[in-house]
Amino acid sequence: DAGITQSPRHKVTETGTPVTLRCHQTENHRYMYWYRQDPGHGLRLIHYSYGVKDTDKGEVSDGYSVSRSKTEDFLLTLESATSSQTSVYFCAISESLDANEQFFGPGTRLTVL
Amino acid sequence: AQSVTQLDSHVSVSEGTPVLLRCNYSSSYSPSLFWYVQHPNKGLQLLLKYTSAATLVKGINGFEAEFKKSETSFHLTKPSAHMSDAAEYFCVVSDRNFNKFYFGSGTKLNVKP
């Protein structure tokens with residue numbers, strides 16, 4: 001299994017509070033991605049990174065920000081959590097565009113009350 | 001733009017009978033296509049991928065998929081279902097731009113004894 005960990009694995013928080021999810025990889029892969037999974041929608045891309053300090057928006061980026069200060073860490077922040085952000089969040093990594101397979105972390109289940 | 005349509009949200013088969021999970025894609029160029037499997041409360045595992053080599057792709061656990069450009073399809077098949085195949089399956093098309101993934105909405109496979 002690819003070395004990807006996510007923390008925390010479960011979190012319950014209240015509306016309006018900030019939340020940060022962490023993705024950590026030990027594979028030294030260049031590309032990292034954050035997705036959210038909701039019933040009936042599959043996984044949808046929130047943000048992605050193509051190198052340290054290089055990030056861009058995905059299809060559902062509103063209300064989320066990211067940072068990547070080191071190759072191994074990709075942080076997803078909900079500045080002010082809303083109930084619509086209750087979801088399961090997956091981090092993924094990819095070595096190169098040619099290899100193009102993505103490896104997924106175990107997921108973080110976030111509940112916003 | 002890239003997109004994927006999984007034609008069935010639920011499929012139910014009996015153990016030992018064939019499995020067919022249908023996927024149609026839309027892509028503005030020759031696509032890379034994937035099937036991932038997700039067992040309950042687990043992460044995503046790659047079953048197989050098509051990247052413009054052979055049109056019939058063999059994956060893990062006896063699954064295979066055939067790329068048909070004329071039909072814009074990439075259906076997943078298995079000759080004989082096993083109880084352990086019960087899971088949710090996602091068809092995915094990737095974007096050449098930073099290898100962003102676009103997921104179908106998923107097909108839940110139920111295997112009856």
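Within every chain, numbering begins at 1; the chains are lettered A, B, ... in the order of the sequence lines, protein sequences first and strands thereafter.
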Note to self: Does any backbone or side-chain atom of A:Leu43 lie under 4.5 Å from a heavy atom of chain B? Answer side chain, backbone, both or neither.
What the structure shows: both
Check: For the hydrophobic clusters of this structure (ILVMFWY residues joined by side-chain heavy atoms under 4.5 Å, transitively), does one cluster hold both B:Phe34 and A:Tyr33?
Finding: yes
Next item on the list: Please work out which of the three classes, parallel, tilted or perpendicular, describes the rings of B:Tyr36 and A:Phe104, given edges at 30° and 60°.
Entry: perpendicular
Margin query: Nearest 0.5 angstrom please: A:Gln102 CD to B:Leu44 CG, how far?
Written below: 10.0 Å
Check: Which bit of B:Ser9 is near chain A, if near means a heavy-atom gap under 4.5 Å: side chain, backbone, both or neither?
Finding: neither
Check: Would A:Leu110 and A:Val66 show up in the same hydrophobic cluster when neighbours are defined by side-chain heavy atoms closer than 4.5 Å?
Finding: yes
Check: Between A:Arg44 and chain B, which part of the residue has a heavy atom less than 4.5 Å away: side chain, backbone, both or neither?
Finding: neither
Notebook entry, point to check: chain A contacts: which residues in residues 103-110 of chain B have a non-hydrogen atom closer than 4.5 Å to it?
Noted result: B:Phe103, B:Gly104, B:Ser105
Margin query: For A:Glu14, is the CD atom crowded, meaning more than 12 foreign heavy atoms sit under 6.0 Å from it?
Written below: no
Checklist line | Same cluster (ILVMFWY, side-chain, under 4.5 Å), B:Leu47 and B:Val13 | finding: yes
Next item on the list: Give a yes or no on whether B:Val19 and B:Leu46 share a hydrophobic cluster (residues Ile, Leu, Val, Met, Phe, Trp, Tyr; joining criterion: side-chain heavy atoms under 4.5 Å apart).
Entry: no
Notebook entry, point to check: How far does NZ of B:Lys100 sit from OH of A:Tyr31, to the nearest 0.5 angstrom?
Noted result: 12.5 Å
Item checked: Region of B:Phe90 in contact with chain A, defined by heavy-atom distances below 4.5 Å -> side chain
Item checked: Contacting moiety of B:Gln45, where chain A heavy atoms sit under 4.5 Å -> neither
Checklist line | same_hphob_cluster(B:Trp35, B:Phe101) at 4.5 Å side-chain heavy-atom cutoff | finding: no
